[in-house]
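Reading through the structure tokens given below for one structure.
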Amino acid sequence: MQTRFKPTRFALAAAALFFAGQVLAQNAPIKVGLMLPATGTYANLGTMIENGFKLYVDEQGGKLAGREIQYFKVDDESEPSKATDNVNKLIKRDQVDVLVGTVHSGVALGMAKAARESKTLLIVANAGADAITGPMCAKNIFRSSFSNWQPAYAMGKVAAERGHKKVMTITWNYAAGIESVKGFAEGFEKAGGKVTGNLTLPFPNVEFQALLTQIASQKPDAVYAFFAGGGAVKFVKDYAAAGLNKSIPLYGPGFLTDGTLQAQGPAAQGMLTTLHYADNLNTPRDNAFRLAFAKTYKVNADVYAVQGYDAAQMLAAGLKAAGGDIRNQAKVVAGIEAAQIDSPRGKFKVSAAHNPVQDIYLRQVKGNLNEVKGVAIKALADPAKGCKM
Ligand code: BEZ
């Protein structure tokens, strides 16, 4: 005889509670953990990323794939030694659904480690640390920005094409600076140039004088520098004040002149840099973005704002594919992997290692703009050395 399952009242109540919980979780806001610098030399970069992210969300009526967005914030101070504690405030204390950040490569490496271990979705909205989409790559980690190698390698090629043979480099002694200089040397030496000296100082030190004296005495054909934020402002001004820009052209990845031009003034005029964004792309997409950003925040957008905006677009694409269910990570990941991001920089998709495959522009400073001169390398993909997913 067949026995019919007869649920007890208790089982029915438990099931009802369970489904109510599911529905509640489905309708609850998505918790976004913004880990960015709010203090120090990179503070302004953090603000631009946050504003870019929020602009996209606000343009969607405050919701992505029908889900409200709730923000949780931590100031990471661009301090790698505090990265684990800081990211755990978001992961463990606030129980965020997704992490967005940060600017500094050393801090981002700590974030990526914690994201891998906890399987929290992470979208890196600036830091270029090559390892994040290299040996540390993971299904739940994406980048909306660049790898340190990408703009640097392109500048190496450009410097060689401009006829330079001997170039010195100067940077802060941490992951981003070291990898940027290495990427530049790879592009430059492959095209026949030679890097004749590498100068470094600790992050975020801005006492450049002794190093500028060394450059003056060694007289290279050109200098390649990685600095950003407040440090880039000071370096470009000091380089010009020492009179070096008259005889030794200064190149760099675009961080050297992005979001800094007003403060750098005449010292930056005419400088050539390479980056995945420029100020006058003059596409309908970029013009609409720049107008909306300027209206909302009363400042011009820069590369950091674009990266924040695109981090939100990537999250939206993943959520849409998962029907708004952030806990369905496989679908969220597949959604971002398949998406073509309609970025102000130009449309892009991510590589198998989850880093944007993107055009690197050659730009020149004119007034307060990094004007596009051309495309240094089209659809450049990071080599993603050591990435196994
Ligand atoms: C970095 O640490 O990866 C970084 C910081 C500022 C601008 C670009 C890269």
Side-chain angles (χ1 to χ4, degrees), residues 35-50 52 76-83 86 100-112 122-134 136 141-155 169-184 200-206 224-236 251-261 263-264 273-277 302-308 310-311 345 355-356 358 360-361 363 370 382:
M35 180 152 147
L36 292 164
T39 47
T41 197
Y42 287 162
N44 190 46
L45 287 57
T47 304
M48 294 301 270
I49 290 171
E50 178 175 342
D76 68 38
E77 304 168 46
S78 295
E79 179 46 69
S81 68
K82 298 184 185 169
N86 278 331
V100 176
T102 185
V103 172
H104 185 289
S105 275
V107 178
L109 288 166
M111 279 184 92
L122 165 63
I123 305 177
V124 178
N126 182 67
D130 292 339
I132 290 175
T133 49
M136 293 180 78
I141 299 180
F142 289 85
R143 192 144 46 192
S144 65
S145 51
F146 60 94
S147 75
N148 286 322
W149 179 88
Q150 282 177 308
Y153 179 82
M155 192 72 240
T169 71
I170 177 164
T171 188
W172 280 314
N173 190 6
Y174 83 100
I178 292 163
E179 290 173 357
S180 184
V181 158
K182 197 165 158 239
F184 171 82
T200 61
L201 72 171
F203 175 87
N205 196 325
V206 289
Y224 174 85
F226 169 92
F227 295 104
V233 171
K234 173 94 169 28
F235 180 75
V236 169
Y251 300 117
F255 316 112
L256 203 52
T257 57
D258 233 80
T260 55
L261 289 176
Q264 287 164 333
T273 60
T274 44
L275 202 63
H276 48 288
Y277 187 60
D302 60 15
V303 70
Y304 309 106
V306 171
Q307 293 167 172
D310 291 344
R345 77 189 83 172
N355 191 66
Q358 54 196 338
I360 304 293
Y361 301 103
R363 310 115 44 91
N370 285 286
D382 180 81

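No experiment lies behind these values; they were computed from the predicted model shown. For ligands, and for the atoms within them, numbers begin at 1 and follow the listed sequence.
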(request) Can you measure from CD1 (I123) to CD1 (I141) and round to the nearest 0.5 angstrom? (result) 11.5 Å
(message) Taking the basic N atoms (NZ, or NE/NH1/NH2) and the acidic carboxylate oxygens, is any pair closer than 4.0 Å for D258 and R363?
(response) yes
(message) Under 4.0 Å from a heavy atom of V103: which atoms of ligand 1 are those, numbered in the order shown and with their elements?
(response) 1 (C), 2 (O), 3 (O), 4 (C), 5 (C), 6 (C)
(request) Look at atom 3 (O) of ligand 1 and say which protein heavy atom is nearest, naming residue and atom and giving the distance to 0.1 Å. (result) S105 OG, 2.6 Å
(request) Mark up the atoms of ligand 1 that fall under 4.0 Å of a heavy atom belonging to F226, in ascending order. (result) 4 (C), 8 (C), 9 (C)
(message) Taking 4.0 angstrom as the limit and counting only heavy atoms of H104, give me the atoms of ligand 1 inside it, by number and element.
(response) 2 (O)
(message) Which label fits Y224 and F184: parallel for a plane angle under 30°, tilted from 30 to 60°, or perpendicular past 60°?
(response) parallel
(message) So, regarding Y42 and ligand 1 (criterion: nitrogen or oxygen to nitrogen or oxygen, under 3.5 Å), is there a contact or not?
(response) no
(request) Have a look at D76 and tell me which of N86, T102, T39 forms a side-chain hydrogen bond (donor to acceptor under 3.5 Å, both in side chains) with it. (result) T102
(request) Measure up the W172 and Y174 rings against each other and bin them: parallel (under 30°), tilted (30 to 60°), perpendicular (over 60°). (result) tilted
(request) Check each atom of ligand 1 against the heavy atoms of F146 and keep those under 4.0 Å away; list them by number with element. (result) 8 (C), 9 (C)
(message) At less than 4.0 angstrom from any non-hydrogen atom of A176, what atoms of ligand 1 do you find?
(response) 1 (C), 2 (O), 3 (O)
(request) Using a strict 4.0 Å cut-off to heavy atoms of Y174, name the atoms of ligand 1 that fall inside it. (result) 1 (C), 2 (O), 4 (C), 5 (C)
(message) Taking the basic N atoms (NZ, or NE/NH1/NH2) and the acidic carboxylate oxygens, is any pair closer than 4.0 Å for R143 and D382?
(response) no
(request) Verify the ring-centre separation between Y42 and Y304: is it less than 6.0 angstrom? (result) no
(request) May I ask which of V303, N126, L275 has a heavy atom nearer to atom 7 (C) of ligand 1 than the others do? (result) N126
(message) I need the contact type for A228 against ligand 1. Using non-hydrogen atoms and a strict under-4.0 Å cut-off, is it side chain, backbone, both or neither?
(response) side chain
